[in-house]
Amino acid sequence: MLSVEGLSKHYKDHQVLTDVSFGVGKSEIVGLVGQSGSGKSTIAKCLLGLERPGGGRMLWHGHSLGERAVRRRARHDMQAVFQDPRSSLNPRWTIRQLLSEPLDNWFPREGAAERRKRLVRLLDRVALTAELLDRHPYELSTGQCQRVCIARALAPEPELLVLDEPLSALDVSVQARLIELLLDLHRTSGISYLLITHDFAVVSDICQRIVVLDQGRVVEEGVVETVLTSPSHAYTLALLRDVLPMPFGV
Amino acid sequence: MSDRVLRRFSGSLRRDPVGILLLAIVIIIAAAVMAAPLISSLSPVATDFKQVLLPPNAVNWLGTDDFGRDVFIRLLYGGRTSLMVAAIAVVIVMSIGVTVGVVAGYFGGVVDLVVTKVIDVLLAFPRLVLAIAVAALMGGGMVPLVIAISVVAWPAYARIIRGFTLQVSQEGYVSAARCLGTPTWRILTGHIALNLIGPILVLAMLDIGNLILAVSALSFLGLGVPPPAPEWGAMLNEGRGSMEIAPWLVLAPGLAIFVVVLAANYFGDIVRDSVEGRPVHGPRNWLRLPSRKRYKSVAVASGNSAASPASALDLQGLCIEVTDRRSPFFGKRILNDVSLNVGRGESVGLIGESGSGKSTLAALALGLTRPPLALTAGRARLFGQDAAQWSWDDWQQVRGRTVSLVNQDPLSALNPVLRVGDQIREVMLTHLDMPRAAVEDRLREVLDEVHLPERVIRQFPHELSGGMRQRAVIAMAIVNKPALLIADEPTTALDVSTQIRILDLLRDLQDRYGLALLFVSHDLRVVARVADRVVIMRSGEVVESGPTAKVFTAATHPYTRELVTAMPGRRLQTVKAA
Amino acid sequence: MLAYALRRAFAGLSVLLGITVVVFLILRFIPGDPATAVLLTMVEPGLDSAQITQRDIADVRDQMGLNDPLPQQYATWLGRVLTGNLGTSLRSRQPIADELATRIPATLKLGGAALLVMFLIAIPSGILGGLYAGRSTDHVSRVLSLVGESMPSFFLGVLLIYLFAIKLGWLPAMGGRRPESIILPAITLGVGIAAATSRLLRASLLDTLSQPYMLMAEAKGMKRSTLLFRYALRPALIPVLTSASLVAGGLLGGAAVVETVFAWPGVGRYMIEAISGRDYPVIQGFTLLMAMLFVIINFVVDILYRFLDPRVRVEERGNV
């Protein structure tokens, strides 16, 4: 569905990405793992059209994302959730306005009743109640804000969600519930995820395939079990060794 | 404008008699200036040489000038010119500034480059000098005055608004909107402009006063409307010659300018505070605390008297509440009946999610509980001594000597303008009476213990990586060989591989020094690696405590069980084990 | 460091070039024909435009090079400026560069004295305001700043003259002959810029006081004096220094007004006199001089800032 071929990018003389290639298939969950400075967020920005890639190709269903028409289609098919849920929500808008933004863009001719039904359904998918519609983001907890972000990303009914560190700003118990939610959504709708994170533990819980990134290069790619049990690259091995073990085998 | 801002604005105005008075004066002045022809039939320009330099009287409320013209009516008509020029200038300057700033900031590229260069050049002139030059070369008068002020003032606005725009464009919600397929014009109006209204309003309000001052300065210099038409600055200039016998000629226009500008600036402040929100409290401030020493030998007594059997830290039934009435959270209990014991040489993990009160507890152990928070009940003992009664100076001897702290963000924990070596040295020099050579020896020794190279002595915090900074902070904490170390989320801001190394270093140091360690974190796996015993907190209360292994494997409280099962990485574990 | 200084100097030069373009163009904005304007000033007063013949105008235009294309006029003018030739005053017929040179020391002296006044007011008021934020000391400091920045400098100057020169007779009101005559103008100029600096210092101090390293320093057991000077004030003074360009702008701009009020024999008053005499080349020369001074001051501040704040040094190195 999505394939990235030889993507590279540099700021001035600092090379951020070098020849990055990977793909995401239909209904697949792919994890993109790297430490800070590995260039993982830059990949997300390039995919989402927030930054121009320096070289290489990004294909959406076999068509280059560099073409306007393809990008326009991908604007609908590919949605994103970012790390900081609070800054992702315009503080002056209500939840209703926030969720209506993508609906105005993609379903502009909807009637009021239909719109209301759609909003409630969206909130329901992320386990929030319709009472929140007229609140502002600052009246919600961080976990609720992230759910609103997910609902907003689901609104155009995309095929792929790019999740850029969606759990890092959250408490552990909230994290666990969101992971549940993401897996549920995947099971019911077959949506694909590209999960970008520094946390091997989270990746191993959610993903089917892993891409390991070190200083802008893909050092390893493969099925979760394979990468975790027999990593082929020393860097992956070192990263895995540094993941804190589950205490007392709980 | 959002309701919050309006509420704050009306709230602060209601509590502010000076503000209301100024508002009233300005409204009266503005009304009088508008209605000048209705108030008095006297002409502002008609001369009468029989009535020169009359002091204030029943007909001429503010006296007359040296042409026998009524000062009061000239003041009213003069205000029309001064205030109108300033008002027009504000509108022109804001329109140009906002348009240019937003366009340059959002689109960037060549447009931005050219605009920035032009702004740079125009800002390289002292504001008033360029205004004088432009007005002078255009020959004075109302239109040149407006042009001069506008030419000089717009670049500063454009630059600031360009900065705001850049900042807002980086916000998550703008990226999100682009990803959602929102058209550019919607992003510019709905997201960027909407969030710029506050700062722009503040900017305009804060600068109106300056513009009025600039207008009157130019007219004082003879660059305003040509005489005999009145204008505040020009009236003041004309009055200077007769000041000795007729001071009202200077006082009337001078006070008029002063009061109007004062009111504008004052409102600027109120608007800014309403938009940006002002904290009820100043930052924590050691200057306000009682200074006298109560206990002479606190540090010595609690220090290294290992013979004493008392615990390092012993808290019983502790309550901390918001005790400041001005705080919106007045009366809220941050800690409720908390008991916690850290034995000598013991490592205790304190686990809690955000809002659990764990950091408040850590601060208490260092005597850093500050308004609006205060200890309202319970007992706090450090090495057997009742620490609840200690004054700031008592604590000062203990902190860094007997008890020390490592906190979350190593970058902001270090003073950016001091070299790392100096920051470690001063901990020794403050607390211990050591010869210079011994200080240097210990400095090298402690750097070695935390695995830092000697070159960091001469380096500034910004020159170190995150892991190295945290090692430097740890070096500061252990250099005096304290008996109790408080570590508040010490690894949260670090990369995974750095995290594990810092944890092992802390564990290693704890063994070597026989340190008592209170390790505060939200991450169970991190705590499990260092703690002998754990305490779980939620919403200011201790829900469970016990030996680490027992709490993790056989938790009794449902919340603890939830936390344990919430730990991610279960699959990783099974895979690794296989 | 040297590489940085050179790069800043280069940037400064490009701004200077921009300044010359602006100053050159300003003179072209004069309503009407520059040549006619010049003739009106030079010829005996009492003549009006009707008595100037077309041939006179054509002659002057030719002399002034006004018939050349604009870029060529600019190049000629810039060439003269670069050799220190700012043209001749229309009134005194003296070289403008010389006239400015004899008056600039008085202006610099006044600026220096005003700077001293500013520091004496702004530093204590800003520090007290920051340390005692929200208390009565802070309120007093805030009210003083507010009054200071709302007071028109010419009004304050006139009031001071009235009180100290006319009523009390303690200090001279005008001129610059006696050493104590600098006191009143320096206070007038200093008070205006003190308010902004005091506010900035207060805000900057509040910012450093709420930084985590302040808490960390307290947790290290630092004494009060160390906390105050090494941890709170030292970082807080850096933004105050960078605001020096603001202060310099206020000083240079305010000088024209204050020198007029006190008849101080500096360049500002010279320029204001030139305005009433329509001495355009003088206005042009003065503007150029002030802008150049301003650019130089900003350059020095830039270098100093880098020297004082280690953070900037590192960022620069990272970006190269």
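Residue Val174(B): no heavy atom, backbone or side chain, is found under 4.5 Å from chain A. Proximity to chain B involves both the backbone and the side chain of Asp171(A), based on heavy atoms less than 4.5 angstrom apart. Contacts between Thr548(B) and chain A at a heavy-atom distance below 4.5 Å involve backbone atoms as well as side-chain atoms. When heavy atoms are compared at a cutoff of 4.5 Å, Asp84(A) does not approach chain B at all. In this structure, chain A has a heavy atom under 4.5 Å from the side chain of Glu562(B), while its backbone stays farther away. Interface remark: Arg177(A) contributes side-chain atoms only to the contact with chain B (heavy atom separation under 4.5 Å). Arg178(B) touches chain A through backbone and side chain together, each having a heavy atom under 4.5 Å away.
We find that Lys40(A) and Glu165(A) are joined by a salt bridge, their nearest charged nitrogen and carboxylate oxygen being less than 4.0 Å apart. Using a 4.0 Å cut-off between a side-chain N of Lys or Arg and a carboxylate O of Asp or Glu, Glu28(A) and Arg209(A) qualify as a salt bridge. Using a cut-off of 4.0 Å between Lys/Arg side-chain N and Asp/Glu carboxylate O, Arg187(A) and Asp184(A) are scored as salt-bridged. Using a cutoff of 4.0 Å between basic side-chain nitrogens and carboxylate oxygens, Lys358(B) and Glu489(B) are scored as salt-bridged. Using a 4.0 Å cut-off between charged side-chain N and carboxylate O, Lys45(A) and Asp164(A) make no salt bridge.
Between chain A and the options Val168(B), Thr182(B), Val527(B), heavy-atom pairs under 4.5 Å are most frequent for Thr182(B). For the set Leu48(A), Asp199(A), Leu89(A), the count of heavy-atom pairs under 4.5 angstrom toward chain B peaks at Leu89(A). By number of non-hydrogen pairs under 4.5 angstrom with chain B, the leading residue of Ala74(A), Ala80(A), Ser88(A) is Ser88(A). The choice from Gly181(B), Ala528(B), Ala177(B), Gly466(B) that makes the most heavy-atom pairs within less than 4.5 Å of chain A is Gly181(B). Of the residues considered (Ala176(B), Gly190(B), Pro568(B), Pro183(B)), Pro568(B) shows the highest number of contacts with chain A, using heavy-atom pairs under 4.5 Å. Annotation: maximal heavy-atom pairing with chain B below 4.5 Å, among Pro102(A), Ser36(A), Gly49(A), occurs at Ser36(A). Of the listed residues (Gln499(B), Arg529(B), His191(B), His522(B)), the greatest number of heavy-atom pairs within a distance under 4.5 Å of chain A belongs to His191(B).
Remark: aromatic rings of His76(A) and Trp106(A) are close, center separation under 6.0 Å.
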Handout entry: Phe200(A) and Val212(A): CA distance, side-chain angles, deciding distance, side chain to side chain contact (heavy atoms under 4.5 Å, CB included) verdict
Key = CA-CA 10 Å; Phe200(A) 247 112; Val212(A) 183; 4.2 Å; yes
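Listed for the Thr94(A) side chain is a donor-acceptor partner under 3.5 Å among the backbone atoms of Gln97(A).
Under the side-chain contact (heavy atoms from CB on, under 4.5 Å) rule, Leu194(A) has a single partner from Leu163(A), Val30(A), Ile29(A), which is Val30(A).
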